[in-house]
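Source: prediction; values computed, not measured. Naming: A, B, ... by sequence-line order, numbering from 1 per chain.
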Amino acid sequence: MEHPLHIYNTLTRKKEQFIPLHAPHSGMYVCGPTVYGDPHLGHARPAITFDILFRYLQYLGYKVRYVRNITDVGHLEHDADAGEDKIAKKARLEQLEPMEVVQYYLNRYRDAMKALNVLPPSIEPHASGHIIEQIELVKHILDNGFAYESEGSVYFDVEAYDKKHRYGILSGRNIEDMLNTTRALDGQEEKRNPIDFALWKKAQPEHIMRWPSPWSDGFPGWHCECTAMGKKYLGAHFDIHGGGMDLVFPHHECEIAQAVASQGDDMVRYWMHNNMITVNGQKMGKSLGNFITLEEFFTGSHAMLAQAYSPMTIRFFILQAHYRSTVDFSNEALLAAEKGLARLMDAYKSLLKLQPADVSSADISSLRAKCIEAMNDDLNTPIVISHLFDAVRLINTAKDGKGTFTVADLSELRGLFELFLFTLMGITGEAAAAGGGTEAFGKAIDLLLTIRQQAKANKDWATSDKIRNELTALGFEIKDTKDGAEWKLAH
RNA sequence: GGUUCCUUGGCCGAGUGGCUAGGCGCCGGUCUGCAAAACCGUUUACGGCGGUUCGAAUCCGCCAGGAACCUCCA
């Protein structure tokens with residue numbers, strides 16, 4: 001590789017060259033969803049970001065194990081439902097088994113990810129399926145003197161830990177500041193220190209998701225699952241841990257503390273975080289209630305949406321911003337993404353029809369290297385896309401008869417689109433136009449357009465416009481070109 | 001209050017010292033029976049005030065505004 005991959009490491013706040021611990025193998029762990037609600041646009045960001053990384057690492061030749069967990073236990077509520085977790089609360093409200101709720105929303109999540117063409121990870125471990133591993137983790141931390149038992153619960157002793165290591169290394173905090181700013185949480189009176197966090201929580205009598213442990217019938221604290229499952233599937237040291245920026249503190253900070261407290265050092269070499277999707281400048285999220293679910297985007301069924309947006313539009317919209325920047329949702333921005341993507345796809349289709357010539361009128365040899373360079377620069381997909389648009393201009397010029405390409409250059413251009421747009425950025429081809437489109441169906445449309453062509457030749461504008469207008473009304477887009485008419489289904 | 005970070009043209013969004021980012025939109029032109037599409041061209045930038053430098057959107061300081069995290073969150 002002439003340009004090695006560099007990724008931004010939150011821990012060092014620098015771009016660093018990616019050097020896997022055990023090439024050609026590479027391991028990545030990404031915090032997945034808590035499955036207690038429909039997936040919204042915010043969930044698409046990390047899924048797509050790390051999907052790009054997953055695809056690119058494979059392209060570079062690594063054998064990647066990608067672990068993305070399913071959080072289906074833990075996550076304490078902060079209000080009066082002391083000790084009751086979100087899954088259990090939802091279950092009781094809906095009179096469903098907790099695992100029924102989990103399965104329902106997990107299915108919904110997977111459907112949405114599939115629509116977005118997010119590749120399934122190598123392993124999707126459930127927190128509830130790894131209670132034993134989490135209990136083992138807590139035991140190690142206790143044995144090493146960095147935790148204490150209190151009233152059947154186990155808490156991480158942040159102060160003891162901070163004397164030997166440093167708590168706050170990832171988020172840049174120090175415990176003096178945190179001592180002054182930590183709010184009063186449930187179970188506070190059981191803790192030695194307000195900033196201590198739960199490793200194991202004793203379950204209240206009404207709490208239905210519970211497991212036996214040496215300390216009580218209860219459930220693991222909410223940071224344990226990632227530490228335990230990361231170690232189980234990727235080993236005590238692995239390459240990449242990713243997630244949303246909102247997880248840096250406390251979640252990932254606590255994961256580091258747990259790893260160091262249990263095994264002496266952190267498991268993770270590179271910490272990567274995607275930024276948030278915002279609405280009117282504010283984070284789109286469950287707690288603010290300002291989220292739009294992915295299904296609502298796909299169907300257009302939300303008051304804030306001017307129309308439906310296809311999964312590929314959503315994907316392209318997200319990839320047009322760098323993953324470490326916030327991206328602000330608006331109909332205007334989504335519409336622009338939709339049109340831009342259509343332009344890209346149209347150019348690709350035109351490319352397939354271009355006839356080769358003896359010479360090329362434009363030099364395209366640098367495009368591939370530029371795209372690779374952008375990918376290597378911390379997965380800069382907006383730059384990759386801008387280079388593809390450069391190619392679009394050249395293709396369209398040739399289509400207009402004002403330029404030519406050799407066989408080799410046509411094949412290079414095709415390869416460019418196929419590699420960067422389809423394989424690496426995961427844009428799928430005929431997603432929008434494919435609906436019900438069979439060969440015979442297409443031929444029928446072609447027949448109508450042939451009739452229209454004959455009418456035009458006879459200057460029978462009434463007939464030709466009637467065919468075009470009625471096809472348009474039925475949802476087709478008709479384009480007249482030099483070589484006859486083209487059509488496609490408008491979403 | 002603390003920690004981290006952001007402020008680019010009508011909109012979105014790249015860009016860490018000098019070279020046209022790109023997309024969408026607008027306007028003009030080419031093409032077209034008309035339109036759409038396509039192509040060409042044009043236009044509007046780097047929150048404010050200072051400083052460093054031959055030169056700053058890019059580095060430093062101050063000010064203004066905003067965000068994330070400090071409670072579950074992607």
Set of residues satisfying salt bridge (Lys or Arg N to Asp or Glu O under 4.0 Å) with respect to [X], sequence neighbours excluded:
{"X": "A:R110", "result": "A:E124"}
{"X": "A:E16", "result": "A:R269"}
{"X": "A:R166", "result": "none"}
{"X": "A:K114", "result": "none"}

Look at all strands and tell whether [X] reaches a base, only sugar-phosphate, or nothing, counting heavy atoms closer than 4.0 Å.
{"X": "A:I277", "answer": "base"}
{"X": "A:S171", "answer": "sugar-phosphate"}
{"X": "A:N174", "answer": "nothing"}
{"X": "A:T278", "answer": "nothing"}

For [N], take OP1 and OP2 only and decide whether either is under 4.0 Å from a side-chain N or O of [X].
{"X": "A:T49", "N": "B:A74", "value": "no"}
{"X": "A:T326", "N": "B:C5", "value": "no"}
{"X": "A:N396", "N": "B:A37", "value": "no"}
{"X": "A:K283", "N": "B:C69", "value": "yes"}

Reading RNA chain B 5' to 3', what string of ( ), [ ], | and . shows its pairs, if Watson-Crick and G-U wobble pairs count only when both distances fall under 3.5 Å?
(((((((..(((.....[...)))..((((.......)))).....(((((..]....))))))))))))....

So, using side chain to side chain contact (heavy atoms under 4.5 Å, CB included) as the criterion, who are the partners of A:P250 when residues are at least two apart?
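Listed in chain order: A:W222, A:H223, A:C254.
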
Produce a footprint string for nucleotides 17-29 of chain B: one letter per nucleotide, 5' end first; B if the base is under 4.0 Å from any protein heavy atom, S if only the sugar-phosphate is, - if neither.
----BSSSS----

Listing, residues 280-292 of chain A side-chain donor-acceptor contacts under 3.5 Å, not counting sequence neighbours, or none:
from, atom 1, to, atom 2, distance (Å)
A:K283, NZ, A:D246, OD2, 3.1
A:N290, OD1, A:G285, N, 2.9
A:N290, ND2, A:K283, O, 2.9

Sequence neighbours excluded - side-chain hydrogen bond (donor to acceptor under 3.5 Å, both in side chains) pairs with any residue from residues 37-48 of chain A:
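For residues 37-48 of chain A, and leaving out neighbouring residues, the side-chain hydrogen bond (donor to acceptor under 3.5 Å, both in side chains) pairs sorted by first residue read A:D38-A:R108.
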
